[in-house]
Amino acid sequence: MKVAVFSTKEYDRHFLDEANQGSFDLLYYDTRLDLSTARLAEKIPVVCTFVNDRLDSEVLLRLFAGGTRMLALRCAGFNNVDMSTVKNLGMRVARVPSYSPRSISEFTIGLILALARKICKAYLRTREGNFSLEGLLGFNICDRTVGIIGTGKIGAQVAQGLKGLGCTVYAYDLYENRDLAALGIRYVSLEELFRSSDIISLHCPLTPENHHLVNERTISQMRDGVMIINTSRGALIDTESAIRALKSGKIGSMALDVYEEEADFFFEDYSDRVIQDDHLARLLRFPNVIITGHQAFFTVEAMRSIARQTIDNIRDFEQGKLGGAGSD
Ligand code: NAD
């Protein structure tokens, strides 16, 4: 059975080939899936995509008309998929809900420490032979309060890790995780979390309800000099409001592994091109901002797990074992 695999780099192909062992005919495209590239999946029953592929209504209708019946997402989040169209068309969809939460949680804690101790700034400085400590004054995170928004698989691990490092950890979620509460992690209202946290880390999925959860109003409720970490989805933060708050000092530091307009840039090499997105260009100039290109998941363990689960999902579809839309 043929599978059109979009948004693939060399590393994706390596792990998918390893998991596939020749079972399926994987047709690799490095291009992203959108309306203009959907024709590449003509007459191909399975389309395999990643975080920045477009699976809106128009693209889905085009794929369906071309014979595609299954979407195999190589990621956990499915905010880029128009699920109501998927349902109406009766397409099958499978994702990889839990490939390696540890990869993202460890990366998140790494970003917090890098910002608190200015490790990236120090790295750049010592490479120039500058060993002065001016401007590198950091703070102990063990004395701080961290607010975790979303305590699912990833957020729970971040909360536990930070608790282990001695932080006071507050959490907000639509559902409380009793195991976390038993560890002394306190569930509070969103307002209290904003008001009390020195560091805020986002781990909820992007939904229409929490689009721009971090905005002008909510930032004003936060502590002066707050640190914000986003390894979840870019559009949880209103970038314009964040830039204003960074300029005023209201936000003291920020690390973004995801960015609301990342689709045109992330996973690509722009080092010899002028970045046309003024917000991204501005964010890259702040000395107290770390931007990484949607890298938190990127470990050997996660890539292997994503590839295996994706091939298993396609096999389930082939054998008629896959349930309706939204199936894991
Ligand atoms: P999960 O489904 O296990 O947990 C999400 C949690 O968020 C749940 O407990 C849910 O109740 C909660 N939640 C939902 N809406 C909320 C809201 N409005 N406010 C507060 N909490 C809310 O998901 P996960 O595996 O922990 O992943 C979290 C997010 O991380 C994913 O949605 C994905 O967007 C992102 N992610 C990023 C990367 C990366 O490489 N940067 C990799 C994987 C996942």
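Every number for a ligand or one of its atoms is a count from 1 in the order of the listing.
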Exercise for review: Give a yes/no verdict on whether any heavy atom in His203 is under 4.0 Å from an atom of ligand 1.
Suggested key: yes
Study note, to complete from the structure: Judged by heavy atoms only, the candidate from Gly77, Pro101, Ser232 nearest atom 30 (O) of ligand 1 is Ser232
Point to revise | Proximal atoms of ligand 1 relative to Cys204 (non-hydrogen, under 4.0 Å) | key: 7 (O), 13 (N), 16 (C), 20 (C), 21 (N), 22 (C)
Review point. Given Pro205, Ser98, Gly234, which one has a non-hydrogen atom that is nearest to atom 5 (C) of ligand 1?
Key: Pro205
**Study point:** Any N or O of Ile154 closer than 3.5 Å to N or O of ligand 1
**Key:** yes
Review point. Does Phe286 have Arg282 sitting over its ring (NZ/CZ under 6.0 Å from centre, angle to axis within 45°)?
Key: yes
Review point. Does the side chain of Pro45 come within less than 4.5 Å of Met70's, by heavy atoms?
Key: no
Practice item. For ligand 1, find out whether one of its N or O atoms is nearer than 3.5 Å to an N or O atom of Arg233. Key: yes
Review point. Can you check whether Phe64's main-chain N or O pairs, donor with acceptor, with Arg69's side chain at less than 3.5 Å?
Key: yes
Point to revise | Arg102 atom CZ, neighbour heavy-atom count above 12 within 6.0 Å | key: no
Point to revise | Contacts of type side-chain contact (heavy atoms from CB on, under 4.5 Å), residue His14, not counting sequence neighbours | key: Glu18
Check your understanding: Does the ring centre of Tyr172 sit less than 6.0 Å away from the ring centre of Phe194?
Key -> no
Practice item. Among all protein heavy atoms, pick out the one at the shortest distance from atom 4 (O) of ligand 1; state its residue, atom name and that distance to 0.1 Å. Key: Gly152 CA, 3.1 Å
Practice item. Give yes if a backbone or side-chain nitrogen or oxygen of Asp173 is under 3.5 Å from a nitrogen or oxygen of ligand 1, and no if not. Key: yes
Review point. Which ligand 1 atoms are under 4.0 Å away from a heavy-atom of Gly150?
Key: 7 (O), 21 (N)
Exercise for review: State the atoms of ligand 1, each with its element, that fall below the 4.0 Å cut-off from a heavy-atom position in Asp257.
Suggested key: 39 (C), 40 (O), 41 (N)
Exercise for review: Compute the centroid of each ring, for Tyr270 and then for Phe265, and state whether the two points are separated by less than 6.0 Å.
Suggested key: yes
Study note, to complete from the structure: For His294, the ligand 1 atoms with a heavy-atom partner under 4.0 Å come out as 39 (C), 40 (O), 41 (N)
Review point. For Thr231, is at least one N or O under 3.5 Å away from an N or O on ligand 1?
Key: yes
Check your understanding: For atom 15 (N) of ligand 1, what is the nearest protein heavy atom, given as residue, atom name and distance?
Key -> Leu174 CD1, 3.6 Å
Check your understanding: Between Tyr99 and ligand 1, does any nitrogen or oxygen pair lie at a separation below 3.5 Å?
Key -> no
**Study point:** Test applied, side-chain contact (heavy atoms from CB on, under 4.5 Å); reference residue, Thr49; option that passes from Leu71, Val59, Thr8, Leu33
**Key:** Leu33
Practice item. Would you mind reporting whether Leu280 and Glu261 have side-chain heavy atoms less than 4.5 Å apart? Key: no
Check your understanding: Should you measure from each heavy atom of Asn210, which atoms of ligand 1 turn up under 4.0 Å away?
Key -> 17 (C), 18 (N)
Revision key, fill the gap. Applied to residues 126-140, the salt bridge (Lys or Arg N to Asp or Glu O under 4.0 Å) test, sequence neighbours excluded, yields none
Practice item. Considering only non-hydrogen protein atoms, determine which one is nearest to atom 19 (N) of ligand 1 and report residue, atom name and distance to 0.1 Å. Key: Tyr172 CE2, 3.5 Å
Practice item. Hey, can you tell me if Phe267 and His294 have their rings parallel, tilted or perpendicular (30° and 60° cut-offs)? Key: tilted
Exercise for review: Could you tell me whether Lys153 approaches ligand 1 through its side chain, its backbone, both or neither, with non-hydrogen atoms closer than 4.0 Å?
Suggested key: both
Practice item. Ignoring angles and geometry beyond distance, decide whether Phe297 reaches within less than 3.5 Å of ligand 1 through its nitrogen or oxygen atoms. Key: yes
